[in-house]
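Below is one structure; the comments refer to it alone.
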Amino acid sequence: MEELKYQVDLLNAMNRKLIRDEKMLRLICETSSSAFLYYNYEEDRVQTIANWDHFFSFAITNIKDLKKLYDCVEEKDIIPLREVFFIEKQGMKSQTIEVKLKEKRICIEVEVNIVYDSMSNPTDKIIRFKDVTKFNAQNDELTYMAYYDLLTGLYNRNYFVRLLGEFVRRAQEEKETVAVMFLDLDDFRRINDGMGIIVGDELVQQVGQFLFDLMNDNIHIAHFNSDIYCIAVYNPCGARSVETIYRTIKERLKKPFVLTSGQEIYVTASVGVAEYPEAALTTLDLINCAEIVMFKAKSLGKDKIQYFDGAILDEFLKNVNIENKLKEAVFSQNFTMYFQPQFKTADKALRGVEALIRWKDDHGKMISPSVFIPIAEKNGAIIPIGTWVIEESLKAYAEWKRKYHYPMIISLNISAIQYKQPDFIDKVLHILKKYDVSPYEIELEITESILIDDFDEITEKIVMLRNMGIKISLDDFGTGYSSLSYLKGLPIDTLKIDKSFIDTVITDENTKIITESIIYMVKKLGFETIAEGVETEEQFRYLNEISCDIIQGFYLGKPMPSEGIETLLANMDL
Ligand code: C2E
Ligand code: CA
Ligand code: CA
């Protein structure tokens, strides 16, 4: 009796545990959002578990009922499904496939597991059905993002590089060419800054949509970022020649882009072209070369196409080299100041000097300011360099003044970026004070193009500087806009006639007439005139005849170090 009670208790306990276990398993199955089908070989018994209704509207009571599933899936999935259901025929333990349910339009993962006994006979089969539609959609989105640019629908940079790589490989085999067109919208920053990034984005998108239509098996187009697009053309010729594609783009850009707000925007583009194998052999080099020549197109006035040319690349590499060295030079200050004397034409008395920077790189090689100043202006190095120039020049000037007491003027070349610095005037005044130099003793040079490009902003500062007694001189006159009539309103004291005029003033009748009228006009306006680059006695004599006030040039004095000016001052008759 005792024994029996013990057995009953044990059975009850086991039963409770079984119920608990089954409840737990059911919970796990149900919350897994999968459906299960269990088959026991010995009993030939089928049981569906958990979320069966989510997937199928019929029951399965017999292993042969699995056939019913074939009707639910897409045609292409029937055979794989049949095979996966009976993998024990191949002695396999498990396999997973993905099928699509026709009516429900969902993707399901079907995983089959077979349990074998020690004699390798199958004992149990478990089939799990899992809904992977959402997962696949997320995956699709990720795949899309891996290949395409979301804003324009064009390829993204990474994928474009891969596609271009395929073009290049094919071209290598077939002995063909591949063109890369690097396209950058002109003045895009102005649109973005002026009208807002929403307008900018919409424009980028619309240009992208237009470019999208140009794509085919032999033309891939990507949106790199901002306003930059890149086009790869396999074997460019005929309808897909670079010229034709460019013409199509240019035609489209002649018309405005109409934004959703109704706003109409006109835009132009600069395009650089590099071809495999002429310009470069690798994809990245091709893109780089195309980008470099695109910059050339920009510097030539935008709205242009520029084809690759070795000289452009050389110039670019030279500039990069200079830019890198320039960064070091700003710290190590491998600069020196030279001074070129300016003489009064009438009596050859010293009127003053123009301060000109010199740069010797680490190998002692002299680099011309005409080369490195534009680079320093682009990368911002002009600010510390410019301050150093003012400081060094005034330091030298103060020394001459202390030693020789000769009344003269020192001219400083100032770049537009310096003028635009909010503290520019304070900086100048501070250095003047530091070296005890009066504002009346200095002259700041400014080029014509700067004055015109940023007229309002710079004119305002110039007027303030002049009110303090500082002279302003207009440099390189004749190289830019050269309209005599606009001179009238300019707040300047001195006008420097560019060397290119002086070069031909003796030989060319037209130059003669122009130079004479400039001097006549300028005198009437009350400015002084300086002729730059005077190299011969003949030029000097002629300039004297037409009453040009001041002469600067190799004929009377080359740029020289401070000591040279001291020698000059020491020998001056006072
Ligand atoms: P720039 O202001 O027009 O300076 C005159 C240039 O003509 C100087 O070249 C000078 O050496 C040269 N030159 C003067 N007389 C003659 C001549 O008779 N024959 C010939 N062939 N050349 C003559 P440099 O010193 O190479 O300067 C070139 C340009 O670099 C300057 O043109 C100026 O735009 C810029 N630059 C020079 N120093 C500075 C500076 O400190 N700051 C800034 N922002 N620019 C500077
Ligand atoms: Ca100058
Ligand atoms: Ca000049």
Side-chain angles (χ1 to χ4, degrees), residues 322 326 329-330 333-343 352-360 366-397 409-421 424 427-428 431 442-451 458 471-480 482 492-506 518 529-540 543 548 550-562 564-565:
I322 290 173
L326 195 59
V330 173
Q333 299 212 334
N334 277 345
F335 303 111
T336 33
M337 287 315 297
Y338 269 46
F339 304 93
Q340 184 174 30
Q342 299 169 332
F343 298 92
V353 296
E354 176 177 4
L356 295 160
I357 191 168
R358 294 290 173 264
W359 174 25
K360 246 190 205 150
M366 198 67 110
I367 299 171
S368 163
S370 334
V371 173
F372 76 82
I373 293 287
I375 298 173
E377 282 174 340
K378 265 190 210 137
N379 77 2
I382 191 67
I383 302 293
I385 294 176
T387 309
W388 181 86
V389 165
I390 305 173
E391 175 110 24
E392 279 301 296
S393 306
L394 294 197
K395 201 198 307 180
Y397 181 83
I409 285 165
I410 183 157
S411 283
L412 302 165
N413 290 285
I414 306 290
S415 95
I417 296 159
Q418 288 173 272
Y419 279 110
K420 285 189 202 167
Q421 290 291 300
F424 175 68
K427 232 183 218 169
V428 173
I431 305 174
I442 72 166
E443 182 172 68
L444 303 183
E445 299 196 2
I446 183 164
T447 61
E448 217 182 336
S449 53
I450 292 166
L451 200 56
I458 289 187
K471 282 191 174 34
I472 300 292
S473 125
L474 187 64
D475 202 358
D476 303 339
F477 184 77
T479 54
S482 313
I492 59 165
D493 305 275
T494 316
L495 183 133
K496 298 184 80 170
I497 303 172
D498 192 68
K499 179 175 181 296
S500 55
F501 274 79
I502 310 305
D503 283 345
T504 52
V505 83
I506 302 295
I518 291 173
T529 44
I530 301 184
E532 278 195 293
V534 179
E535 293 183 337
T536 66
E537 190 181 348
E538 213 179 352
Q539 287 167 346
F540 173 78
L543 291 160
C548 172
I550 298 148
I551 298 293
Q552 181 181 345
F554 290 179
Y555 172 61
L556 288 179
K558 286 192 173 177
M560 54 187 91
S562 173
I565 300 294

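These numbers come from a predicted model, not from an experiment. In each ligand, atom 1 is the first atom listed, and ligand 1 is the first ligand listed.
Ligand 1 places these atoms under 4.0 Å from at least one heavy atom of D476: 3 (O). Atoms of ligand 1 found under 4.0 Å from any heavy atom of E354 (numbered from 1 in listed order, with element): 2 (O), 4 (O). Counting atoms of ligand 1 from 1 in the listed order, those under 4.0 Å from a heavy atom of P559 are 11 (O). Against a heavy-atom cut-off of under 4.0 Å, S370 is close to the following atoms of ligand 1: 28 (C), 30 (O). Per-residue contacts place G553 under 4.0 angstrom from the following atoms of ligand 1 (heavy atoms of the residue considered): 15 (N), 18 (O). Atoms of ligand 1 found under 4.0 Å from any heavy atom of P369 (numbered from 1 in listed order, with element): 24 (P), 25 (O), 26 (O), 27 (O), 28 (C), 30 (O), 36 (N), 37 (C).
At least one N/O-N/O distance between E535 and ligand 1 falls below 3.5 Å. Considering backbone and side-chain N/O of I382, none are found under 3.5 Å from N/O of ligand 1. Considering backbone and side-chain atoms together, D475 places an N or O closer than 3.5 Å to an N or O of ligand 1. Taking distance alone, with nitrogen or oxygen atoms compared against 3.5 Å, R358 approaches ligand 1 more closely than that limit.
The name of the N, O or S atom in E532 nearest to the Ca ion (ligand 3) is OE1. Per residue D475, closest N, O or S atom to the Ca ion (ligand 2): atom name OD2. Of all N/O/S atoms in E354, OE2 sits nearest the Ca ion (ligand 2). Taking the Ca ion (ligand 3) as reference, D476 places its N/O/S atom OD1 nearest. Within E445, the N/O/S atom positioned nearest the Ca ion (ligand 2) carries the name OE1.
The heavy atom nearest to atom 40 (C) of ligand 1, out of those in D498, V371, I446, N413, is found in N413. Taking each of F372, Y555, F335, F554 in turn, the one with a heavy atom nearest to atom 17 (C) of ligand 1 proves to be F554.
Taking the centre and axis of the six-membered ring of F554, the NZ or CZ atom of K558 falls inside the cone set by 45° and 6.0 Å.
Proximity of E532 to ligand 1 is established by a heavy-atom distance of less than 4.0 Å.
S411 and E354 share no side-chain donor-acceptor pair at under 3.5 Å. Looking only at atom types and distance, the side chain of Q552 has a donor-acceptor partner in the side chain of Q340 under 3.5 Å away.
Within the coordination shell of the Ca ion (ligand 2), defined by N, O or S atoms under 3.0 Å, N413 is present.
With a heavy-atom cut-off of 4.0 Å, K496 does not touch ligand 1 at all. Only side-chain heavy atoms of K499 come within less than 4.0 Å of ligand 1; its backbone N, CA, C and O stay farther off. With a 4.0 Å cut-off on non-hydrogen atoms, V389 touches ligand 1 through its side chain and not its backbone.
Taking the side chain as every heavy atom from C-beta outward, I357 and F372 approach each other to under 4.5 Å. Side-chain contact between F339 and P559: absent, with no pair of heavy atoms (C-beta onward) separated by less than 4.5 Å. Taking the side chain as every heavy atom from C-beta outward, I383 and K427 approach each other to under 4.5 Å. For the pair F424/L444, a side-chain contact is recorded, criterion being any heavy-atom separation below 4.5 Å from C-beta on. The side-chain heavy atoms of T529 and L543, taken from C-beta on, include no pair separated by under 4.5 Å. Using a 4.5 Å heavy-atom cutoff, the side chains of I390 and V428 are in contact. Looking at heavy atoms from C-beta onward, K496 lies out of side-chain contact with D476 at the 4.5 angstrom threshold.
Atom 38 (N) of ligand 1 has as its closest protein heavy atom I357 N, 3.1 Å. Summary of contacts: the protein heavy atom closest to atom 15 (N) of ligand 1 is Q340 NE2, 3.0 Å. Among all protein heavy atoms, the one lying closest to atom 4 (O) of ligand 1 is L356 CD2, 3.6 Å.
Counting protein heavy atoms under 4.0 angstrom from atom 12 (C) of ligand 1 gives zero. In this structure, atom 34 (O) of ligand 1 is not in close contact with the protein, since no protein heavy atom lies within 4.0 Å of it. Counting protein heavy atoms under 4.0 angstrom from atom 44 (N) of ligand 1 gives one or more. Protein heavy atoms all stay at least 4.0 Å away from atom 7 (O) of ligand 1. Protein heavy atoms are found less than 4.0 angstrom from atom 2 (O) of ligand 1.
A distance-only check finds a donor-acceptor pair linking the side chain of N413 to the backbone of A355 [under 3.5 Å]. Listed for the Q418 side chain is a donor-acceptor partner under 3.5 Å among the backbone atoms of S415.
Results of the side-chain contact (heavy atoms from CB on, under 4.5 Å) test with T494 over L474, I530, D475 single out I530 as the only residue that passes.
Ring-plane geometry between F335 and W388 is classed as tilted, the angle between the planes lying from 30 to 60 degrees on a 0 to 90 degree scale.
Across every non-hydrogen atom of W359 and N334, the tightest pair is CD1-O, 3.4 Å.
In this structure, E538 places its CD atom where only 12 or fewer heavy-atom neighbours from other residues, nucleotides or ligands lie under 6.0 Å away. Annotation for K395: atom NZ does not count as buried by contact number, only 12 or fewer foreign heavy atoms lying within 6.0 Å.
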